[in-house]
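Read the numbers this way: they start at 1 and go in the same order the structure lists the ligands and their atoms. Quick caveat: nothing in here was measured; it's all calculated off a predicted structure. Residues: numbered from 1 along the sequence shown.
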Amino acid sequence: MVNHDIAMGIVRVTEAAALACSNLLGRGDVDLIEKAAVDGVRHAFDLLPIKGRVVIGECDLDKKPIMYIGEKVGTWEDGLKEYDVAIDPLDGSILVAKGRPNAISAVAVSEKGRIFRAPQIYMKKMAVGPKAKGCIDLNKSLVENIKCVAEALNKDVEEVTVMIQDRPRHKDLIEEARSVGARVKIFGEGDIAAALATAFEETGVDMLVGIGGAPEGVLAAAALKCLGGEILVRLMPENQRQIDMCKRAGLLDVEKILSQDDLITSDDVYFSATAITDSDLLRGIIYKENYATTHSVVMRSSNGVLRFVDAIHKLDTSLIKVQE
Ligand SMILES: O=P(O)(O)OC[C@H]1O[C@](O)(COP(=O)(O)O)[C@@H](O)[C@@H]1O
């Protein structure tokens, strides 16, 4: 398979996940919605000629066998190259259950052994777009970081927009950002979409800060690596079991600050995201008569190509199975 086909192949994967679960928009059943997204992903991966292995997925095999870590995806024909696959079929399942904005499906693919196998624990994150790369520091306060980002972007501090997830654990961060007069966008779920937005000036988003899922952090790292942005993270194990999980993933110093280059150690990574509901960067799925229009972004770090892909899917002939 030629490499540009991987980019188009993974767009089909995120489109399939997004379409499969958006049909259940607002139905309130998170489990059913997640299952639909996973089914969509699996169906599309069955057509992708790679030897893929899930390294970031829904869970470990022993918990719930859906898109489990270690699962083989792709056609696995002889002669194909092996790849690591990081996948979040649906980032923001509650959002889809409630019909709210910011839900996306995201996939990253890189060479075998090059994607950090992040355990399902929390991670402290700070992300910025290309112009502010190099000026953030997880050891500094948020106020100091906002000031540096403002300088890098040639903005006043009051013009910097910071995305922070609406969680009690972020109360101090929100107060800090407000104390210097920065604009704060508080979002409910979906920090991959929030991280992605920092790399596109037209979104008006400059920074993402907070504590979120480690797997989502790895997917955001893949996107920001392609886009020339930066994400700094520190894993936040809460007990010995979680410390051991980090060590098993190869992170011996769990306090270490990691960047997109530690989370994705190859210079060749692909990333695709398809919006289910509207986000800062991408419009959600639009249904009209017997058609659905999806909006995606797909990119590859090594060739620096980014594509926005709008696709119209005729629903009764689509390969995508839509959950009833
Ligand atoms: O909901 P928590 O436990 O605060 O975790 C934060 C994480 O949850 C999300 O908002 C949504 O993740 P799910 O779709 O897996 O529920 C992520 O984007 C974020 O990293």
Side-chain angles (χ1 to χ4, degrees), residues 14 17-18 20-22 24-41 54 56-60 63-64 66-69 86-108 116 118-127 163-174 185-198 205 207-224 231-239 242 258 260 263 271 273-282 284:
T14 53
C21 68
S22 88
L24 299 168
L25 190 79
R27 295 243 207 126
D29 188 337
V30 169
D31 286 346
L32 188 65
I33 287 165
E34 281 179 350
K35 185 180 176 309
V38 171
D39 287 348
V41 163
V54 176
I56 300 274
E58 285 291 290
C59 54
D60 297 330
K63 292 201 184 124
K64 217 172 12 163
I66 53 167
M67 267 302 102
Y68 60 86
I69 293 157
I87 180 137
D88 195 343
L90 169 54
D91 188 31
S93 35
I94 292 172
L95 300 174
V96 177
K98 294 188 175 175
R100 290 191 179 150
N102 218 33
I104 63 166
S105 171
V107 173
F116 177 62
Q120 298 267 5
I121 66 172
Y122 284 117
M123 172 187 264
K124 188 171 181 180
K125 317 174 184 180
M126 185 174 291
M163 300 286 284
I164 306 180
Q165 196 163 11
D166 193 4
R167 294 290 185 273
R169 62 179 179 264
H170 294 153
K171 187 172 167 284
D172 292 349
L173 280 181
I174 293 170
K185 276 184 88 171
I186 300 174
F187 64 97
E189 310 287 330
D191 66 4
I192 300 177
L196 193 57
T198 64
V205 171
M207 293 178 82
L208 161 75
V209 291
I211 294 170
E216 287 87 344
V218 175
L219 278 148
L224 288 167
I231 182 165
L232 298 179
V233 307
R234 187 189 285 125
L235 283 146
M236 311 242 347
E238 289 165 18
N239 49 42
Q242 294 194 353
L258 307 170
Q260 65 284 345
L263 299 173
F271 175 86
T274 300
I276 299 145
T277 54
D278 290 349
S279 62
D280 286 295
L281 182 66
L282 297 168

Got the residues with a heavy atom under 4.0 Å of ligand 1, by chain and number? L90, D91, G92, S93, Y122, K125, Q165, R167, R169, E189, G190, D191, G212, G213, E216

Residue set satisfying side-chain hydrogen bond (donor to acceptor under 3.5 Å, both in side chains) with S105, at least two apart, ordered chain then number -> none

By side-chain hydrogen bond (donor to acceptor under 3.5 Å, both in side chains) - contacts of T274 (at least two apart): T14, S296

Check K35 with D39, please: is the shortest side-chain N to carboxylate O separation under 4.0 Å? yes

For residues P215 and I121, report the shortest heavy-atom separation together with the two atoms involved. CD-O, 4.2 Å

Are the side chain of E216 and the backbone N or O of I192 linked by a donor-acceptor pair below 3.5 Å? no

Tell me the side-chain hydrogen bond (donor to acceptor under 3.5 Å, both in side chains) pairs involving residues 90-104, sequence neighbours left out? E34-S93

